[in-house]
Amino acid sequence: MRRRASLGLLALLLKAPDTLAAPTRPGQASIVAVRVWPADEYTRVTIESDQALSAKHFLVDSPHRLVIDIDGLTLSPGLRDLIGKVKADDPYITGVRVGQNTPTVVRIVLDLRQPVAPQIFTLTPVAAYKHRLVFDLRPKVEADPLAALAQDGGKKPAPPPSPAQRAEVAASAVNDALGELIRKIERPPAPPVAAAPPPPVAAAPKPAPAAPGPAVEPKIDRLIIIALDPGHGGEDPGAIGPTGLREKDVVLAVAHKLRERLTANANIRVLMTRDADFFVPLHERVRKARRVQADLFVSIHADAFINRQARGASVFVLSDGAATSAAARWMANKENAADLVGGVNVGAATQDANVLRALLDMSTTAQIKDSLKLGGEVLGQIGKVGKLHKPRVEQAGFAVLKAPDIPSILVETAFISNPEEEKKLRDPDYQDQLVDALASGIARYFAKSPPMARKRSTTL
């Protein structure tokens with residue numbers, strides 16, 4: 001009986017929230033902003049306030065709802081803005097209701113599309129943010145990352161091949177994935193055709209000369225999986241240029257273009273650690289790549305520096321000791337602080353932090369050696385597009401490069417803090433040039449270091 005009365009009161013409160021609004025009392029928190037970050041992986045709701053908030057929550061079935069009670073708060077126009085922040089295509093939330101449950105407690109009800117495993121936590125002020133109360137709505141069952149890759153890299157199915165295409169495939173003696181990769185990714189210009197002299201009588205036709213490259217092209221009979229990691233996202237905008245261009249936006253655009261370029265090859269699959277504007281913790285980016293046993297990991301950034309004259313691209317790999325320069329160490333420390341800005345549930349991430357430390361201990365000389373090879377090829381190609389900040393691959397303790405069994409690089413495409421380079425990064429044509437350089441560097445790496453059969457096992 002008491003439960004029915006409580007539910008009836010809740011319904012009444014949520015039907016007419018406007019009549020329950022009260023002015024902010026002395027000592028109570030004021031809302032600074034509310035934000036919603038929808039994504040297929042999870043939806044994040046953030047309430048930013050000038051004081052720390054305390055919240056309790058519970059789930060209700062039939063239909064699925066998440067109820068959050070926030071203490072020390074009165075209803076305000078800023079909090080009501082949350083209702084309009086939820087988009088119609090949000091994968092997890094269908095609607096929001098807000099009401100003043102008691103004089104000091106605001107109740108928020110999130111109507112859900114599916115059962116969720118919510119994580120609710122607080123973040124202390126950092127960077128431009130004040131206190132934040134965060135709701136992460138994640139599915140109860142984590143999606144299999146290999147499922148999307150099995151569907152042609154998550155793209156729509158290709159049309160059936162034409163008779164001519166089928167004949168060409170049938171005539172091929174072997175399925176040379178590496179050769180196909182180089183042809184489709186690098187797209188070298190065709191050599192000029194010269195008139196050939198008449199062949200001698202009874203002479204056997206000579207084979208065409210081999211294309212430049214390795215003396216023997218290794219044959220592989222499995223898919224190549226490349227992990228692309230657009231830096232930052234969601235609550236973490238990354239660096240911001242003089243005119244407001246955000247790092248998280250430009251690197252996501254470059255990553256999308258690079259995925260399209262790479263997956264033009266039927267033997268390549270691309271995993272993106274994020275394919276929309278949401279935040280992914282550093283350890284989770286590593287875990288995603290390891291779960292699909294990626295052959296490469298490429299993290300894409302466009303950082304800022306205190307000196308706006310700094311310019312040029314850089315490529316970094318993991319260091320098993322000290323950084324190769326003070327600038328590399330500064331860059332690694334700055335990138336490793338992304339979790340503080342983006343917002344990580346400290347309680348849930350404690351075990352993952354221990355895993356990250358273990359990964360660093362497991363990092364082998366072989367992994368770093370392969371990463372240096374990959375970084376060298378990519379740096380050489382990027383140098384053809386624009387200025388390099390340093391002429392060599394640098395090393396530092398980047399947390400996102402700590403997969404012990406995957407060659408991993410972090411590419412700083414340019415300094416977004418430099419007005420000229422910000423303008424270039426905004427230009428779609430320049431983005432295409434960067435994609436050409438990255439794809440060509442990857443192809444050259446595979447030409448010299450073809451992927452072996454997958455024998456390792458993942459533990460994350």
Side-chain angles (χ1 to χ4, degrees), residues 2-38 42-88 90 92-126 128-138 234-235 279 343-348:
R2 182 179 299 173
R3 176 177 175 80
R4 282 198 295 270
S6 299
L7 291 176
L9 178 61
L10 171 61
L12 177 63
L13 289 171
L14 298 178
K15 283 181 181 178
D18 290 347
T19 64
L20 299 166
T24 302
R25 302 180 182 217
Q28 287 190 327
S30 296
I31 300 300
V32 175
V34 293
R35 295 179 290 275
V36 180
W37 306 99
Y42 76 103
T43 288
R44 167 169 288 190
V45 178
T46 302
I47 298 177
E48 186 179 357
S49 58
D50 63 348
Q51 297 180 37
L53 298 175
S54 175
K56 297 179 181 179
H57 71 280
F58 59 91
L59 291 165
V60 181
D61 295 329
S62 302
H64 297 291
R65 287 159 287 164
L66 174 64
V67 181
I68 306 120
D69 286 338
I70 306 176
D71 196 13
L73 196 62
T74 54
L75 200 57
S76 65
L79 194 55
R80 290 194 198 96
D81 286 346
L82 183 60
I83 298 173
K85 296 284 186 178
V86 176
K87 299 179 180 179
D90 189 296
Y92 295 92
I93 305 174
T94 61
V96 181
R97 291 169 285 160
V98 184
Q100 192 77 46
N101 196 39
T102 73
T104 60
V105 175
V106 167
R107 173 162 286 186
I108 299 175
V109 178
L110 303 179
D111 297 315
L112 306 174
R113 294 188 187 277
Q114 59 177 292
V116 299
Q119 294 181 9
I120 298 182
F121 55 97
T122 58
L123 299 170
T124 56
V126 63
Y129 294 120
K130 295 186 177 181
H131 295 274
R132 285 175 288 172
L133 176 62
V134 179
F135 319 142
D136 281 352
L137 309 180
R138 299 180 180 274
E235 289 285 291
F279 178 71
V344 174
N345 184 353
V346 177

Please report the shortest heavy-atom distance between Pro103 and Gln28, naming the atom on each side. O-NE2, 4.1 Å
Nearest non-hydrogen partners of Asp50 and Ser30, listed with the distance: OD1-N, 2.8 Å
Quick check: does any side chain N or O of Glu48 sit under 3.5 Å from a backbone N or O of Lys130, one acting as donor and the other as acceptor? yes
Taking atom CZ of Arg65 and atom CG of Leu59, what is their separation to the nearest 0.5 Å? 10.5 Å
Tell me the closest heavy-atom pair linking Gly78 and Ile31, and the distance in Å. C-CG2, 4.1 Å
Within the side chain of Gln100, is there an N or O that forms a donor-acceptor pair under 3.5 Å with the backbone of Leu73? yes
For the side chain of Asn345 and the backbone of Phe121, is there at least one donor-acceptor N/O pair under 3.5 Å apart? no
Are the side chain of Tyr129 and the backbone N or O of Glu235 linked by a donor-acceptor pair below 3.5 Å? yes
Roughly how far, to the nearest 0.5 Å, is the NE2 atom of His64 from the CD1 atom of Ile93? 14.5 Å
For the atom pair CD1 (Ile108) and CG (Leu79), what is the distance rounded to the nearest 0.5 Å? 5.0 Å
With the threshold set at 4.0 Å, does a side-chain nitrogen-carboxylate oxygen contact exist between Arg97 and Asp111? yes
N/O donor-acceptor pair under 3.5 Å between Arg107 side chain and Val105 backbone: no
Which atom names give the shortest non-hydrogen contact between Ile120 and Leu133, and what distance separates them? CG2-CD1, 4.1 Å
To the closest 0.5 Å, what do you measure between CG (Asp81) and CZ (Arg35)? 12.0 Å
CG/Leu110 to OH/Tyr92 distance, rounded to the nearest 0.5 angstrom? 14.0 Å
Name the one of Leu112, Val36, Asp136 that satisfies side-chain contact (heavy atoms from CB on, under 4.5 Å) with Thr43? Val36
With a 4.5 Å cut-off on side-chain heavy atoms, are Pro118 and Arg138 touching? no
Steps toward side-chain contact (heavy atoms from CB on, under 4.5 Å) verdict (Thr122, Leu53): CA-CA 8 Å; Thr122 58; Leu53 298 175; 5.7 Å; no
Residues in side chain to side chain donor-acceptor pair (under 3.5 Å) contact with His57, at least two apart in sequence or another chain: none
CG of Leu82 to CZ of Phe135, rounded to nearest 0.5 Å, is 7.5 Å
When you measure from the side chain of Arg44 to the backbone of Gly343, do you find a donor-acceptor pair of N or O atoms at a distance under 3.5 Å? yes
